[in-house]
Amino acid sequence: VTDAATPTTAVPPTLRDRIATVGQEHLLNFVDELTPEQLGAFVAQLETIDFERVPRLVEEYVNAKPTFDAAQHDITPPTAFAFDDPSWNRDRFYDRGAELISDGKVAAFTVAGGQGSRLGYDGPKGCFPGGAVTGKPLFAMLAEWVLWARKRFETDIPWYVMTSPLNHQTTIDFFDEHAHFGLPREDVVFFQQGAMPSFDMRTGRILLKSKGEIATNPDGHGGSLRALHTSGALADMRSRGVEHISYVQVDNPLARVIDPVFVGLHAGAEGSSAEMSTKVIAKIDPAEKVGVIADVDGKTGVIEYSDLPDDLAAKRSDNGDLFLKAGNTAIHMISVDFVERLNQGGSLGLPFHRAEKKVPCIDPDSGTPINPAEPNGVKLEMFVFDALPLTTGSIVYEVERVDDFAPIKNAEGTDSPASSKALQTERAARWLEARGVAVPRTADGSPDCTLEISPLTATCSEDLPGDAMPREITPGQSLAL
Ligand code: UD1
């Protein structure tokens, strides 16, 4: 936006007034020092800020720290369909989902606006090598699921990729370099998420990154629900006849980007309003750091692990499972109608979440650069799962962990390249063993090899083509199928 801004020598009076009315006039302290080009770009940036909302945001999220007190709420498990529960008819939902996909009513959607900062990777996270054996980039692994579904269901499936201003062009260039991973260019649609101003933690003043730019941060994956609308992506979906969006995060190479059973459950299961559904994995360790899906005062939503009291996290049902075991994989089905409804009236109605961060900035009085050693700023983000309580009925589909979930978030330990590799290998090992292939395992039971199976080869053990299967795997072997 700012690149195309018109040069100017003055801040428009209406903008000046809007800024002054909400007590943020420090933002204009250095405008006299800017060139017409710099000022034009700054004015364009300021025009994107919803200043009228700023005082409430500061009061609610900067001066105060909203807390969730579980004891004040009635918390119960959500309506769930578990993969190992024979009481529901999986085939029926597969057929329902397959029909919707074949009819071109389902689009793939990946949120890829975040920075790989926890991973220590400098670049869009989707470019990170995720394949256990091949080192294929995460984007390529997700693209293969879209390619598989297009072939399997003989239909064009558009793939929407949300970026942020920080990685938009790099992401597009990466797809160009890789010829869109074999997908038709017109069926891969990129759009950018919005940004929020970052605030001074002590004063509630918006931070200046430089004399002619405010400090901003991406508005969180919840911002996707607004950006889908404002970018025109939703209108593009409508024009293609798309009714449901299959939402996955870029960090999970095992995510089934298009999953017929999940589509069918979302669209047709009892208890589902077909607005927004969630894929979950059974939480086994009470301390595992995933949000849990729960019904809170009768409304389905996510309780983040940091908000879940230890005793409730550890509470067990009669069968020994955790009472709240629906661990959030961040894989959702969302209807186009629902996203449209959320955007009516201009404001999404999702709450913000605050994070205290070190934000490089300048002193608004002297203009001196500040490189903080301690968190000085508050960043506000929306989370997509906060839309769940706004549905009129939401269900969860519990899948087996190794089948769908091997995220890469951290450089080491849990949710790292190493743990993802182990899970990708374990999934492949189980599939091969189910077909009679001997997989070497170490004393602790883990595979003594590295394996990776592309969805283009198989999406489950029954799919594995006889001629693609090795007769045996030797200890230490690396094998990609
Ligand atoms: C998230 C969920 C957690 C869930 C876990 C599963 C939150 C707060 N928590 O954790 O409940 O159990 O995933 O893996 O989200 N992104 C954007 N734009 C943004 C911010 C993020 O596109 O402004 C994208 C990232 O590129 C990434 C995804 O959202 O694909 C996840 O973001 P991240 O902040 O890493 O969430 P987690 O803390 O890992």
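First listed ligand is number 1; within each ligand, the first listed atom is number 1. Values in this document were obtained by computation on a predicted structure and should not be read as measured data.
- In summary, the side chains of Ser335 and Asp337 do not present any donor paired with an acceptor at a separation below 3.5 Å, with no hydrogens or angles considered.
- Ion pairing between Asp187 and Arg150 holds under the 4.0 Å rule for side-chain N and carboxylate O.
- The shortest heavy-atom contact between Phe42 and Gly212 is CD1-O, 3.2 Å.
- The salt bridge (Lys or Arg N to Asp or Glu O under 4.0 Å) analysis of residues 51-60, with sequence neighbours excluded, yields the pairs Arg18-Glu52, Arg56-Glu60.
- Within the listing of ligand 1, atoms 8 (C) sit less than 4.0 angstrom from a heavy atom of Phe383.
- For ligand 1, the atoms lying closer than 4.0 Å to a non-hydrogen atom of Met162 are 22 (O).
- Regarding atom 33 (P) of ligand 1, its nearest protein heavy-atom neighbour is Arg118 NH2, 3.9 Å.
- Given atom 31 (C) of ligand 1, the protein heavy atom at minimum distance is Gln249 OE1, 3.2 Å.
- In this structure, Tyr305 falls outside the shell of residues with a heavy atom less than 4.0 angstrom from ligand 1.
- At a heavy-atom distance under 4.0 Å, only side-chain atoms of Lys409, from C-beta outward, approach ligand 1.
- Considering backbone and side-chain atoms together, Asp219 places no N or O closer than 3.5 Å to any N or O of ligand 1.
- Proximity to Ala112 (heavy-atom distance under 4.0 Å) selects the following atoms of ligand 1: 22 (O), 26 (O).
- Ion pairing of Arg256 with Asp404 is present here, as a side-chain N (NZ or NE/NH1/NH2) and a carboxylate O approach within less than 4.0 Å.
- Residue Gly114 holds the heavy atom nearest to atom 17 (C) of ligand 1 of all those in Gly114, Pro218, Ser224.
- Annotation: atom 18 (N) of ligand 1 to nearest protein heavy atom, Gln193 OE1, 2.7 Å.
- Atoms of ligand 1 found under 4.0 Å from any heavy atom of Val290 (numbered from 1 in listed order, with element): 12 (O).
- Residues forming a ring pair (Phe, Tyr, Trp, His ring centres under 6.0 Å) with Phe51 (at least two apart in sequence, or on another chain): none.
- Side chains of Asp236 and Tyr160: a donor on one and an acceptor on the other come within 3.5 Å.
- Note that the OG1 atom of Thr67 and the CG atom of Asp307 stand 8.0 Å from one another [nearest 0.5 Å].
- Under the ring-ring contact (aromatic ring centres under 6.0 Å, His included) rule, Trp159 has a single partner from Phe175, Phe109, Phe191, Trp145, which is Phe175.
- Gly220 counts as a contact of ligand 1, since one of its heavy atoms falls under 4.0 Å from the ligand.
- If you look at His353 next to ligand 1, there are no close heavy atoms at all, none under 4.0 Å.
- Here the options are Leu147, Asn252, Val250, Val161, the test is side chain to side chain contact (heavy atoms under 4.5 Å, CB included), and the partner is Leu142; only Val250 passes.
- Close approach to Phe405 involves these atoms of ligand 1, each under 4.0 Å from a residue heavy atom: 6 (C), 14 (O).
- Residue Lys289 places no N or O, backbone or side chain, under 3.5 Å from any N or O of ligand 1.
- Annotation for Arg202: atom CZ does not count as buried by contact number, only 12 or fewer foreign heavy atoms lying within 6.0 Å.
- Between the choices Leu166, Leu138, Leu119, Asn328, the shortest heavy-atom distance to atom 3 (C) of ligand 1 belongs to Asn328.
- In this structure, Val250 counts as a contact residue of ligand 1, since one of its heavy atoms falls inside 4.0 Å of the ligand.
- Closest to atom 9 (N) of ligand 1 among all protein heavy atoms lies Glu304 OE2, 3.5 Å.
- Distances between N or O atoms of Val111 and those of ligand 1 include at least one value under 3.5 Å.
- Here Lys315 does not pair with Asp311 in a salt bridge; the nearest charged N to carboxylate O distance is not below 4.0 Å.
- The N/O atoms of His221, backbone and side chain alike, include one that comes under 3.5 Å of an N/O atom in ligand 1.
- Residue Gly113 has at least one N or O atom closer than 3.5 Å to an N or O atom of ligand 1.
- Minimum interatomic distance between Pro197 and Asn217 (heavy atoms only, all atoms of both residues): O-OD1, 4.0 Å.
- Within ligand 1, the atoms closer than 4.0 Å to a non-hydrogen atom of Gly291 are 11 (O), 12 (O), numbered from 1 in the order shown.
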